[in-house]
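Worksheet for the structure shown next.
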Amino acid sequence: MKRQLRRAALTILKSCGAFSLVRKSAWRRHKLLILCYHGVSLEDENQWRPFLYMSPQQLERRLDILRDGKYAVLPLAEALERLYRKDLPPRSIALTFDDGNYDFYKQAWPRLKRYGFHATVYLTTYYSELQRPVLSLICSYMLWKARDMGRVDLKEFGIDLPGTLSSVENREEVASRLAQWAAGQDLNGEEKDQIAASLAERLGIDYQKLRQKRILQLMNREEMKQLAAEGVDFQLHTHRHRTPLSEELFRREIQDNRARIANAISGKREHFCYPSGAYRPEFLGWLAKEEVVSATTCDTGFATSETNPLLLPRLVDTSGRTDLEFESWVSGVGHFLSRRKRGRLAYVPD
Ligand SMILES: [Zn+2]
């Protein structure tokens with residue numbers, strides 16, 4: 001269905017009371033919608049990657065919709081327990097934030113606290129320890145900031161820029177070649193960061209200032225500790241944000257992730273989120289051996305008591321979704337208007 005047509009249909013459905021009807025229905029009652037967020041902008045990140053970041057104001061509007069619609073925003077563990085016990089309260093929602101960005105600490109959590117909402121953060125630990133921006137992301141972000149520079153000489157990074165930085169494709173190409181080049185050099189985290197610093201210099205960007213603002217950085221140990229004490233639930237997302245195809249390496253990612261989180265906060269970590277939403281059938285057995293009891297994907301949909309707990313769908317909420325579209329999803333109407341996807345056994349991003 002074309003987007004505009006869909007929005008027009010939603011407006012009509014809302015005005016004739018369909019949202020409220022579905023929201024209160026027995027059908028919705030037995031379903032859990034797990035919402036997935038990534039970043040909440042510290043500055044302008046939502047203009048750079050609207051599918052990863054949203055502005056704090058947009059997040060607040062989402063939270064208003066949840067509060068005004070009297071949704072039950074449950075802690076993830078409780079939501080899952082009650083889902084499989086068939087004991088969910090009406091309009092169940094669970095909020096999850098992927099990666100553990102510093103902007104969760106600075107922007108999202110203070111707002112969630114104000115609304116009294118629970119949240120789970122799936123934390124990837126490598127960059128949390130390193131306390132430097134994630135290389136591929138910061139390079140892409142800086143290239144976007146420098147998009148009006150036109151042609152830039154990037155030969156010192158082994159890159160012959162095919163055109164200007166005003167093209168998204170060119171920028172993404174450069175960012176991915178830089179990351180590949182860095183990966184091929186067997187560099188440690190600080191050396192990788194030096195690449196970002198050199199690129200910043202070439203683009204006329206103050207890298208120290210970006211670092212001080214903690215743009216594209218993860219929360220540190222002290223911040224995690226503070227939020228855990230305030231009730232944030234930290235869960236697993238692999239140490240290096242990857243899912244190796246060998247059982248030993250895959251399980252080591254979980255073990256390292258768990259051990260790093262345990263350095264900061266006590267408690268059990270048995271909930272997992274697939275990095276980049278990528279999963280394969282063999283992962284399920286490996287997760288079970290690591291005593292992981294739930295795993296979330298980025299596949300769109302509601303979880304029911306029939307859903308495999310290691311393949312839980314979510315709704316990835318992004319800047320591109322209007323408030324009306326968001327409300328259609330939390331109420332349940334969105335389910336009926338979404339394109340049906342065949343159930344899949346694996347999802348591997350390109
Ligand atoms: Zn992630």
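Heavy atoms only: backbone and side chains are in, while hydrogens, waters and symmetry mates are out.
- Both Leu199 and Trp48 are part of a single hydrophobic cluster, where members link through side-chain heavy atoms under 4.5 Å apart.
- Taking each heavy atom of Thr243 and Phe250 in turn, the nearest pair found is CG2-CE1, 3.7 Å.
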Step-by-step salt bridge (charged side-chain N to carboxylate O under 4.0 Å, His left out) determination, Glu325 to Arg3 = CA-CA 10 Å; Glu325 285 168 327; Arg3 195 141 230 211; 3.6 Å; yes
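- Between His241 and Ser276, the closest side-chain pair of non-hydrogen atoms falls below 4.5 Å.
- With values rounded to the nearest 0.5 angstrom, Leu324 atom CG is found 5.0 Å from Thr11 atom OG1.
- Inspection of the Arg314 and Thr300 side chains reveals no N or O donor paired with an N or O acceptor under 3.5 Å.
- Side-chain atoms of Gln58 come within 3.5 Å of backbone N or O of Ser319 as a donor-acceptor pair.
- Ile254 is not connected to Val293 by any chain of hydrophobic side-chain contacts under 4.5 Å among Ile, Leu, Val, Met, Phe, Trp and Tyr, and they are in different clusters.
- For the pair Pro133 and Asp193, the tightest heavy-atom approach, listed with the atom from each and the gap, is CD-OD1, 3.6 Å.
- Within the 6.0 Å centre-distance limit, the rings of Trp27 and Phe302 are counted as a close aromatic pair.
- For the salt bridge (charged side-chain N to carboxylate O under 4.0 Å, His left out) with Glu327, the qualifying choice from Arg62, Arg61, Lys14 is Lys14, the only one to do so.
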Derivation and outcome, salt bridge (charged side-chain N to carboxylate O under 4.0 Å, His left out), residues Asp44 and Lys145 = CA-CA 10 Å; Asp44 51 3; Lys145 276 200 157 308; 2.8 Å; yes
From CA spacing to verdict: side-chain hydrogen bond (donor to acceptor under 3.5 Å, both in side chains), Asn46, Ser55 | CA-CA 6 Å; Asn46 56 305; Ser55 70; 4.7 Å; no
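- Closest non-hydrogen pair, Pro89 versus Ala72, comes out as CG-CB, 3.8 Å.
- Remark: the Tyr122 side chain and the Asp98 side chain contain no N/O donor-acceptor pair separated by less than 3.5 Å.
- Judged by distance alone, the side chain of Arg242 and the main-chain N or O of His239 form no donor-acceptor pair under 3.5 Å.
- Both Trp109 and Tyr53 sit in one connected hydrophobic cluster of ILVMFWY residues. Membership requires side-chain heavy atoms under 4.5 Å apart, directly or through other members.
- Of all heavy-atom pairs between Leu42 and Gln107, the closest is CA-NE2, 3.7 Å.
- Within the 3.5 Å criterion, the main-chain N or O of Met54 finds no donor-acceptor partner in the side chain of Tyr37.
- The line from NZ of Lys70 to NZ of Lys24 is 9.5 Å long, rounded to the nearest 0.5 Å.
- Taken together through direct or relayed side-chain contacts under 4.5 Å among Ile, Leu, Val, Met, Phe, Trp and Tyr, Leu311 and Leu236 form part of one hydrophobic cluster.
- Taking the centre and axis of the six-membered ring of Tyr102, the NZ or CZ atom of Arg214 falls inside the cone set by 45° and 6.0 Å.
- Taking 4.5 Å as the limit, every side-chain heavy atom of Leu52 sits out of range of all side-chain heavy atoms of Thr318.
- The backbone N or O of Glu306 lies less than 3.5 Å from a partner atom in the side chain of Thr304, making a donor-acceptor pair.
- Looking only at side-chain heavy atoms (C-beta outward), Leu32 and Leu80 come within less than 4.5 Å of each other.
- Contact of the Pro56 side chain with the Arg111 side chain is registered, since non-hydrogen atoms from C-beta on lie closer than 4.5 Å.
- Under a cut-off of 6.0 angstrom, the local environment of CD in Glu282 is crowded, with over 12 non-hydrogen atoms contributed by other residues, nucleotides or ligands.
- No cation-pi contact links Arg321 to Phe326, judged by a cut-off of 6.0 Å to the six-membered ring centre and 45° from its axis.
- Remark: the backbone N or O of Ser140 is not paired with any side-chain donor or acceptor of Arg49 at under 3.5 angstrom.
- Rounding to the nearest 0.5 angstrom, the gap separating the CG atom in Asp153 from the CZ atom in Phe157 is 9.5 Å.
- A distance of 13.0 Å separates OG1 in Thr238 from CZ in Arg258, rounded to the nearest 0.5 Å.
- A side-chain donor-acceptor contact under 3.5 Å links Thr125 and Asn257.
- By the 4.5 Å heavy-atom criterion applied to side chains, Met224 and Tyr105 are not counted as neighbours.
- Checked by atom type, the side-chain pair Gln226/Glu230 shows a donor-acceptor distance below 3.5 Å.
- Side-chain atoms of Gln131 come within 3.5 Å of backbone atoms of Leu218 as a donor-acceptor pair (strictly under, hydrogens ignored).
- The aromatic rings of Phe272 and Tyr274 lie perpendicular to each other, with more than 60° between the two planes, well past the 30° mark.
- More than 12 heavy atoms of other residues, nucleotides or ligands lie within 6.0 Å of CD in Glu156, so this atom counts as buried by the packing criterion.
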Trace of the salt bridge (charged side-chain N to carboxylate O under 4.0 Å, His left out) decision for Asp103 with Lys106 = CA-CA 5 Å; Asp103 55 69; Lys106 180 82 180 169; over 6 Å; no
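- Glu291 contributes no side-chain N or O that, together with a main-chain N or O of Ala288, makes up a donor-acceptor pair within less than 3.5 Å.
- Within the model, atoms NE2 of His271 and OG1 of Thr96 stand 12.0 Å from one another, a figure rounded to the nearest 0.5 Å.
- Other residues, nucleotides and ligands contribute at most 12 non-hydrogen atoms within 6.0 Å of the CD atom of Gln4.
- Not counting sequence neighbours, Arg23 has no partner by the salt bridge (Lys or Arg N to Asp or Glu O under 4.0 Å) test.
- The backbone N or O of Asn220 sits less than 3.5 Å from a side-chain atom of Glu223, completing a donor-acceptor pair.
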Arg114 vs Glu60, salt bridge (charged side-chain N to carboxylate O under 4.0 Å, His left out): CA-CA, chis, key distance, verdict | CA-CA 10 Å; Arg114 241 178 18 235; Glu60 276 179 20; 3.3 Å; yes
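- Under the 4.5 Å side-chain criterion, counting only non-hydrogen atoms from C-beta, Leu210 is not in contact with Leu216.
- Judged purely by atom type and a 3.5 angstrom limit, Glu247 has no side-chain atom pairing as donor or acceptor with the backbone of Trp286.
- Looking at Glu45, its side chain does come within 3.5 Å of a backbone N or O of Glu43 through a donor-acceptor pair.
- With a 4.5 Å cut-off on side-chain heavy atoms, Leu135 and Tyr127 count as touching.
- A side-chain donor from one of Asp233 and Gln235 sits under 3.5 Å from a side-chain acceptor of the other.
- Minimum interatomic distance between Leu154 and Arg202 (heavy atoms only, all atoms of both residues): CD2-CG, 4.0 Å.
- Atom CG of Leu337 sits about 13.0 Å away from atom CZ of Arg7, to the nearest 0.5 Å.
- Taking the side chain as every heavy atom from C-beta outward, Phe97 and Leu35 never approach each other to under 4.5 Å.
- For the residue pair Ala196 and Met142, the shortest heavy atom distance occurs at O-CE, 3.3 Å.
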